[in-house]
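Below: one structure, written as C-alpha cells.
Position 1 is the first residue of the sequence, and the numbers go up from there.
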Amino acid sequence: MNLHYDDKYYMEVALKEAQKAFEMDEVPIGAVLVYQGKIIAKAHNLTMQLHDPTAHAEMIVISSVMSELQLKTLEECTLYVTLEPCPMCASAMHWSCLGKLVYATPDQKRGYSLFTPNLLHPKTQVEHGMLQEEAQLLLKKFFQSKRTL
C-alpha cells in the first residue's frame, strides 16, 4: 500500500521533530523531507547537543539524504520546516536544487528573506503559513523559558 499524505500531515511531523528539540533544550525547529509522497528524512535542531552551529534541522536532513541516497539534487523533493530557514540553510537548499519549501512561520530576525529574498534556487516553489500558530507557540514557549532563568 502506497500512502500519500497531505502537506498538513508532513508539517505535523515536522512539529513533532521540533518538540523533540524543545525537550532537549534546543531551539525547537523540525524538518521533514518528502520524495514521491514518502518521508525520506526528518530531523530537529542539534546545535547544542553536537556543539555545531551548523546542525540546523534543515542542514541535517539535506546532508543525510544527499549522502545516504547519493542524490545529485533534491528537485523532486519538498522540505517542510517549522521556521523560515536562515541564509545558511537557504543556500544549502539552493545548491541542492530543492523543488519545494514549505515553512510554518516566518523568522522575523534571521529568516533568509530578510537578507536575500532570492537566495533559493529560482525553480524552488515556496509556501508558508501552514500550522503557523502551533510553530510560533512552541518557539515562544522555548524563548520565554530562557528569559525566566
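With sequence neighbours excluded, no residue forms a side chain to side chain contact (heavy atoms under 4.5 Å, CB included) with Ser63. Considering only residues two or more places apart in sequence or on other chains, Leu119 meets the side chain to side chain contact (heavy atoms under 4.5 Å, CB included) condition with Pro87, Ala90, Ser91, Tyr112, Thr116. Every residue two or more places apart in sequence or in another chain was checked for a ring pair (Phe, Tyr, Trp, His ring centres under 6.0 Å) with Phe115, and none qualifies. For Ser113, the side-chain hydrogen bond (donor to acceptor under 3.5 Å, both in side chains) partners at least two apart in sequence or on another chain are Glu84. With sequence neighbours left out, Lys8 forms a side chain to side chain contact (heavy atoms under 4.5 Å, CB included) with Asp6, Glu12, Met130, Leu131. Under the side chain to side chain contact (heavy atoms under 4.5 Å, CB included) criterion, Asp52 pairs with Leu50, Thr54, Ala55, not counting sequence neighbours. For Glu76, there are no salt bridge (charged side-chain N to carboxylate O under 4.0 Å, His left out) partners two or more places apart in sequence or in a different chain. For Gln125, the side-chain hydrogen bond (donor to acceptor under 3.5 Å, both in side chains) test picks out no residue, with sequence neighbours left out. Remark: Thr105 pairs with Gln136 by the side-chain hydrogen bond (donor to acceptor under 3.5 Å, both in side chains) rule, at least two apart or across chains.
One hydrophobic cluster, built from ILVMFWY side chains closer than 4.5 Å, holds both Val61 and Leu69. Follow the hydrophobic side-chain contacts under 4.5 Å out from Leu46 and you never reach Met66; the two are in separate clusters. No chain of hydrophobic side-chain contacts below 4.5 Å, direct or via other Ile, Leu, Val, Met, Phe, Trp or Tyr residues, connects Ile60 to Leu71. Cluster annotation: Leu138 is connected to Phe143 through the hydrophobic network of ILVMFWY side chains, with a link wherever side-chain heavy atoms come within less than 4.5 Å.
Once rounded to the nearest 0.5 Å, the distance linking CG of Leu33 with OG1 of Thr78 reads 8.0 Å. Arg110 contributes atom CZ, which lies 9.5 Å from atom CG of Leu114 (distance to the nearest 0.5 angstrom). Separation of atoms CD (Gln36) and SG (Cys77) is listed at 8.5 Å; rounding is to 0.5 Å.
Within the 3.5 Å criterion, the main-chain N or O of His121 finds a donor-acceptor partner in the side chain of His94. Side chain of Thr82 to main chain of Ala104: no donor-acceptor pair is present (N/O by atom type, distance under 3.5 Å, no hydrogens or angles).
Residues Val32 and Tyr9 are not in side-chain contact: their nearest non-hydrogen atoms beyond the backbone lie 4.5 Å or more apart. A heavy-atom distance below 4.5 Å is not found between the side chains of Leu120 and Leu98. Leu101 places a side-chain heavy atom less than 4.5 Å from the side chain of Val81. The side-chain heavy atoms of Val13 and Tyr80, taken from C-beta on, include no pair separated by under 4.5 Å.
Contact detail for Ser64 and Ser67: the closest heavy-atom pair is O-OG, 3.4 Å.
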message: For a side-chain contact (heavy atoms from CB on, under 4.5 Å) check, start with the C-alpha distance between Val126 and Tyr103, then their side-chain angles and the critical distance, and finish with the verdict.
response: CA-CA 8 Å; Val126 179; Tyr103 63 88; 3.8 Å; yes
field: Steps toward side-chain contact (heavy atoms from CB on, under 4.5 Å) verdict (Thr124, Met93)
entry: CA-CA 9 Å; Thr124 301; Met93 291 172 205; 5.9 Å; no
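Annotation for Met59: hydrophobic cluster partners, listed by chain and number, are Met88 (ILVMFWY side-chain heavy atoms under 4.5 Å, direct or chained).
Sorted by first then second residue, the salt bridge (Lys or Arg N to Asp or Glu O under 4.0 Å) pairs that include residues 114-143, not counting sequence neighbours, are Lys100-Glu127.
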Review item, side-chain donor-acceptor pairs of residues 18-29, under 3.5 Å, at least two apart:
| from | atom 1 | to | atom 2 | distance (Å) |
| --- | --- | --- | --- | --- |
| Gln19 | NE2 | Glu23 | OE2 | 3.2 |
| Lys20 | NZ | Glu17 | OE2 | 3.0 |
| Asp25 | OD1 | Lys146 | NZ | 2.4 |
| Asp25 | OD2 | Lys146 | NZ | 3.0 |
| Glu26 | OE1 | Thr47 | N | 3.1 |
| Glu26 | OE1 | Thr47 | OG1 | 3.2 |
| Glu26 | OE1 | Met48 | N | 3.1 |
| Glu26 | OE2 | Met48 | N | 2.9 |
| Glu26 | OE2 | Gln49 | N | 2.7 |

